[in-house]
Structures are given as C-alpha cells and as structure tokens.
Amino acid sequence: TPLVERSGDQARAAGYRDTMRRHGLRPLPTFAWTPGSPTVRIDHRDVPFEVAMTAADSPTAFFVSNDVGAIGLIDACEAVGLRIPADLSVVGFDDIAIAGLKRIALTTVSQPLMFQAERAVKLLLERIESPAIAPRHVRVPVELRVRDSTAPPARAALKPRRATPAPDVR
C-alpha cells in the first residue's frame, strides 16, 4: 500500500519536471521504488536496484515522496556500499519525528501539521454547514529542513562508482 496518495506523488513529480524545464534543464526519469524491492522502475523498465543506484550515470540525489521511503532508500543504498551523503544525497517529505534523530538526520520538507489540522477542521465545518460547497485544494506552506543526508555532489572524477553498466533507460 503506498504511503502517499497517488495524486500527491503525481503533483510532486509534476512540480519537479516543471521547475527543471523552467530553468532550462531536462528532467531526469522518475525512479519508482518500493522499500525492500530488488528492482527500481525507471521509465517503465525494471532495473536491478544496485545497478540503478551505482551505475556511472546514476543520479547524485533523490527526492523521495515521504520520509519513511527516504529512510528505506538510505538503508538500501548503504547496503550496496553507497555512502550518504558522500555518494548520494537523499531528501524526504513530511519531517516525521525520527527524521530529526541524530543517526538518521534526514533532510526533509516539513509541513506544518497544526496548520493542516486547523485548516482541515475549518473546511470540514464549512462543508457540514454548507454541503453544496465546492471542493477546494489548499496550499500549505512548507520548509526545507537541511540535515546530514544531503551534500553538494562530489565531482564525477572523484565519485566512487562501481563499474556497473548503466541501465538502458528509454
């Protein structure tokens, strides 16, 4: 069962693609991985996890749709010999309580839970009072909490990567 609603995942991916294009950059393919899975789905192809993460042209950073997945990704990357953040930066989303623990120290996007709760209750009360009211999307202010799971990318010549062929991504 996904930890993030599909619409939330799609919105975050669309935001990434839009931002990259706005800055004249080509978005990288989306990597879809479920913690514990031996494969990563890259542009509709299944690639062995270790190959996807350690190939010479693999990404230097990942934004994961939630903190639980980000922590799982860190664990899986360390199991194949990658060092976080020296070899790979990882950013999560939610700022769950364990993200701030010293051992995990996950860089993450923090959402103001009290704001969300108050807003949700207000919207629910409005809906109870006026059942015909149109559904609304509410934007929530977020904050990037920089911790120890991110660093500037190492120069390619100095970055230790296994001599694994890059996945054929199309």
Side-chain angles (χ1 to χ4, degrees), residues 1-111 140 142 144-170:
T1 309
L3 296 173
V4 176
E5 289 180 26
R6 185 181 268 307
S7 63
D9 250 356
Q10 290 170 340
R12 291 172 193 170
Y16 160 73
R17 287 189 303 275
D18 292 345
T19 300
M20 292 293 284
R21 289 184 185 118
R22 222 176 23 251
H23 288 86
L25 301 169
R26 195 181 72 146
L28 295 174
T30 300
F31 280 48
W33 178 72
T34 301
S37 175
T39 61
V40 176
R41 190 133 188 97
I42 306 170
D43 282 346
H44 310 291
R45 293 194 65 236
D46 289 328
V47 177
F49 179 84
E50 186 169 357
V51 171
M53 305 312 275
T54 62
D57 63 348
S58 63
T60 59
F62 281 93
F63 173 77
V64 183
S65 59
N66 61 72
D67 289 347
V68 172
I71 293 165
L73 180 64
I74 290 170
D75 186 59
C77 286
E78 288 176 345
V80 298
L82 292 172
R83 298 165 299 149
I84 309 300
D87 297 324
L88 181 74
S89 289
V90 178
V91 177
F93 194 97
D94 289 328
D95 199 20
I96 62 174
I98 64 169
L101 295 177
K102 183 177 170 126
R103 169 61 185 101
I104 295 172
L106 178 67
T107 295
T108 186
V109 176
S110 178
Q111 302 181 82
V140 176
V142 295
L144 181 64
R145 300 269 167 91
V146 179
R147 297 188 180 113
D148 296 339
S149 67
T150 53
R155 289 189 315 178
L158 300 176
K159 191 169 183 177
R161 291 290 191 180
R162 291 192 164 82
T164 307
D168 181 20
V169 179
R170 295 179 195 243

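Computed from a prediction, not measured in an experiment: that's the story for all the values here. Every heavy atom of this structure was used, including side-chain atoms; hydrogens, water molecules and symmetry mates were not.
- Judged as a salt bridge (charged side-chain N to carboxylate O under 4.0 Å, His left out), the pairs with a partner in residues 26-42 (not counting sequence neighbours) are, in order, Arg41-Asp46.
- Side chain to side chain, Asp95 and Gln111 fail the donor-acceptor criterion of an N or O pair below 3.5 Å.
- In this structure, Leu73 and Met53 have side chains that are in contact, with non-hydrogen atoms separated by less than 4.5 Å.
- Taken to the nearest 0.5 Å, the CD1 atom of Ile96 stands 8.0 Å off from the OG1 atom of Thr108.
- Shown here for Ser58 and Ala52, the closest heavy-atom pair between the two residues is CB-O, 3.1 Å.
- To the nearest 0.5 Å, atoms CD1 (Ile98) and CD1 (Ile104) are separated by 4.0 Å.
- Heavy-atom minimum distance, Gly92 versus Ala70: CA-CB, 3.8 Å.
- Arg12 forms a cation-pi arrangement with Phe93, by the criterion of a distance under 6.0 Å to the ring centre and an angle within 45° of the ring axis.
- Residues passing the ring-ring contact (aromatic ring centres under 6.0 Å, His included) test with Phe49, sequence neighbours excluded: Trp33.
- Atom OG1 of residue Thr30 and atom CG of residue Asp43 lie 7.0 Å apart, to the nearest 0.5 angstrom.
- Side-chain rings of Tyr16 and Phe63 stay apart, their centers remaining 6.0 Å or farther from each other.
- We find the CD1-CG distance between Ile71 and Leu101 to be 8.5 Å, quoted to the nearest 0.5 Å.
- Note that CD1 of Ile74 is 9.5 Å distant from OG of Ser89, once rounded to the nearest 0.5 Å.
- What you find for Asn66 and Asp94 is that their closest heavy atoms are CB-OD2, 3.6 Å.
- Atom CG of Leu82 sits about 6.0 Å away from atom CG of Leu88, to the nearest 0.5 Å.
- Minimum heavy-atom separation, Val90 to Ser149: O-OG, 2.5 Å.
- For residues 69-80, the salt bridge (charged side-chain N to carboxylate O under 4.0 Å, His left out) pairs, not counting sequence neighbours, are Glu78-Arg103.
- Of all heavy-atom pairs between Gly69 and Pro35, the closest is CA-CG, 4.1 Å.
- Between Asp67 and Ala99, the shortest heavy-atom contact is OD2-CB, 3.8 Å.
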